Number of protein chains: 2
Amino acid sequence: MPSQRRKFTREEPESRRADLIAATLDLMADAGPAETTVRAIAEEAGLSQGMIRHHFSSKEDLINAAYQAHMAGQLEGSERSVAGDTARARLARFVTASLTSPVVDPRALSLWAAFIHMVRRDPAMRATHEENYLAYRDRLEALVAATLAESGRTATSEELRRLAIACNAVIDGLWLEGGALPDAFAAGEIEAIGRASVAALLGLPLDDGTEE
Amino acid sequence: MPSQRRKFTREEPESRRADLIAATLDLMADAGPAETTVRAIAEEAGLSQGMIRHHFSSKEDLINAAYQAHMAGQLEGSERSVAGDTARARLARFVTASLTSPVVDPRALSLWAAFIHMVRRDPAMRATHEENYLAYRDRLEALVAATLAESGRTATSEELRRLAIACNAVIDGLWLEGGALPDAFAAGEIEAIGRASVAALLGLPLDDGTEE
DNA sequence: CGGTCAAATATACAAACGTATAATTCAATG
DNA sequence: CATTGAATTATACGTTTGTATATTTGACCG
């Protein structure tokens, strides 16, 4: 009987790497880290398991790459369509974008939980993590500062810091609840609560500015 | 050469179970779920690995028991010293207790992340999770309702729901940030931001009532 | 259109995992 | 103080893991 070796087509390494990263994130989110084995990843990607060590130096290397790809996508999601004539409108849109799918998503929450232990131990992943986290926080603080200034409100840097932390917290908390209990909220409800909460924290009205 | 079998003392099954649970939580929080093997647990507890299947029907059974023990401790932490003459004071103390160690703790955050995937798959753990989560949320909503009523404020059940979600979110978010970056906040800062944020969300002053 | 080389597959291997079983030892009981 | 039984240790077993190696194959090039 002749070999039953399966047929395959050659692809560019970049494409194969992307496929393996996507398969890794899918498994990590749906099945969990324990089930994310090299064999499961290869099967999910429709490849043989040898491909992992052919395109990445180790499984850990692949996990790192997957984490980086995921975090980049998350930040991009929050930055999406942050525009508007006024600082107030830009802040409102930033809050809305941060609380809209796919940023708020059971999958994103699953991935966050799956990666956090690796982040704590691996310096490379830790660096990626802190970089993205602080970028988000600074972005929010700048938007809050601009919004306060625009309304003629003055705030010390200490007050500004506390306000940014509180706004960040309410967004994080809603992100967490929305991801953990996706069916517990109506469409658009989390975004609305987020905008109203940030408005209450700042003591300013904060409608989106583009809705009618 | 005679046997080098190690000496041991008999303990009550309950005590051994508690030791194994404590070792499991320590490992889960510090080393992560991947390193929490039956051998590592037994070594952490100072016992032989056979003890796990002698006192629990499987490793999974032990994990379940450890999760239950952890969650019970967390809820107890938030309920601690929730007292006061006024609803406002009780709410302030509830917020404070929810944002104080050991509720806010890198260890608690680690454990939450470690368990979330198991919670999603195992019905028994899911039941434990939802029970404790909803108990917390209902407790908070009741305190918010009482505080509003005390101040002569009226709120529809829909408004109340949204306020409770927002308060819960800011507490969750601060819990998350405090656990993730414990060195980024001064002592008592998270609690203070939490009380001020809940006050701003409700539009009511919310001092602790017992501090001087 | 045959030659070449990386891309792929297939297989093998040592280590570690959860579990099962056998062999001991402590402490209570009469 | 001998007996007994559960608590405990020690060892073994089959499976799965990440990794290493050998073999095959598809596509590009002269």
Side-chain angles (χ1 to χ4, degrees), chain A residues 1-24 27-28 31-67 114 117-118 121-122 124-125, chain B residues 1-24 27-28 31-67 114 117-118 121-122 124-125:
Chain A
M1 191 178 284
S3 86
Q4 301 188 353
R5 179 178 275 247
R6 59 200 266 197
K7 301 299 178 189
F8 64 91
T9 59
R10 283 170 107 98
E11 296 289 338
E12 302 213 340
E14 233 177 290
S15 164
R16 284 287 188 239
R17 285 175 58 96
D19 290 347
L20 288 170
I21 285 174
T24 301
L27 272 175
M28 210 76 147
E35 318 289 336
T36 307
T37 65
V38 292
R39 285 165 179 82
I41 293 169
E43 187 183 15
E44 177 84 15
L47 300 170
S48 73
Q49 68 163 301
M51 299 305 285
I52 278 147
R53 294 223 350 118
H54 190 259
H55 288 290
F56 297 89
S57 68
S58 68
K59 181 193 177 188
E60 190 185 351
D61 186 30
L62 167 58
I63 302 283
N64 275 16
Y67 180 64
H117 283 101
M118 310 174 190
R121 238 178 315 287
D122 183 359
M125 291 187 72
Chain B
M1 190 178 283
S3 87
Q4 303 187 350
R5 179 179 276 246
R6 58 199 266 195
K7 302 298 178 189
F8 63 92
T9 60
R10 285 170 109 97
E11 295 289 338
E12 303 212 340
E14 231 177 293
S15 165
R16 285 284 188 242
R17 285 175 57 96
D19 289 346
L20 288 169
I21 286 174
T24 301
L27 272 175
M28 212 72 146
E35 319 289 337
T36 307
T37 67
V38 291
R39 286 165 178 82
I41 294 170
E43 187 184 15
E44 178 82 17
L47 300 171
S48 74
Q49 66 163 301
M51 299 303 286
I52 278 147
R53 293 217 359 113
H54 190 260
H55 289 289
F56 297 89
S57 68
S58 68
K59 181 195 177 185
E60 190 185 351
D61 186 30
L62 167 58
I63 302 283
N64 274 17
Y67 180 64
H117 283 101
M118 311 174 188
R121 238 177 315 287
D122 181 1
M125 290 189 72

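Small disclaimer: the values here were computed from a predicted structure and weren't measured. Note on naming: letters A, B, ... go to the chains in the order of the sequence lines (proteins, then strands), and numbering restarts at 1 for each one.
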Query - 5'-most by nearest nucleotide on DNA chain C - B:Ala34 or B:Arg10 - result: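 Looking at DNA chain C, the more 5' nearest nucleotide goes with B:Ala34.
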
**Report entry** Rounded distance (nearest 0.5 Å) linking atom CD1 of A:Ile41 with atom CG of A:Asp19
**Finding:**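 The CD1 atom of A:Ile41 sits 13.0 Å away from the CG atom of A:Asp19.
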
Atom-to-atom span, [atom1] of [X] to [atom2] of [N] - whole angstrom:
| X | N | atom1 | atom2 | value |
| --- | --- | --- | --- | --- |
| B:Gln49 | C:dA16 | CD | C1' | 11 Å |
| A:Phe56 | C:dA7 | CZ | P | 13 Å |
| B:Glu35 | D:dT17 | CD | P | 16 Å |

Base, sugar-phosphate, or nothing for [X], non-hydrogen atoms under 4.0 angstrom?
| X | answer |
| --- | --- |
| B:Arg16 | sugar-phosphate |
| B:His55 | sugar-phosphate |
| A:Glu11 | sugar-phosphate |

Looking at [X] and [N], is any side-chain donor or acceptor paired with a base atom of the opposite kind under 3.5 Å?
| X | N | answer |
| --- | --- | --- |
| A:Arg5 | D:dT23 | yes |
| B:Arg53 | C:dG18 | no |
| A:Arg6 | C:dA10 | no |

Of the listed nucleotides [options], the one nearest the side chain of [X]:
| X | options | value |
| --- | --- | --- |
| B:His54 | D:dG18, D:dA7, C:dT19 | D:dA7 |
| B:Lys59 | C:dA7, C:dC13, C:dG18 | C:dG18 |
| B:Phe8 | C:dT19, C:dC26, C:dA7 | C:dC26 |

Query raised in the report: Out of B:Asp61, B:Val38, B:Leu47, which one pairs with B:Ile52 under the side-chain contact (heavy atoms from CB on, under 4.5 Å) rule?
Result: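 Option passing the side-chain contact (heavy atoms from CB on, under 4.5 Å) with B:Ile52: B:Val38.
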
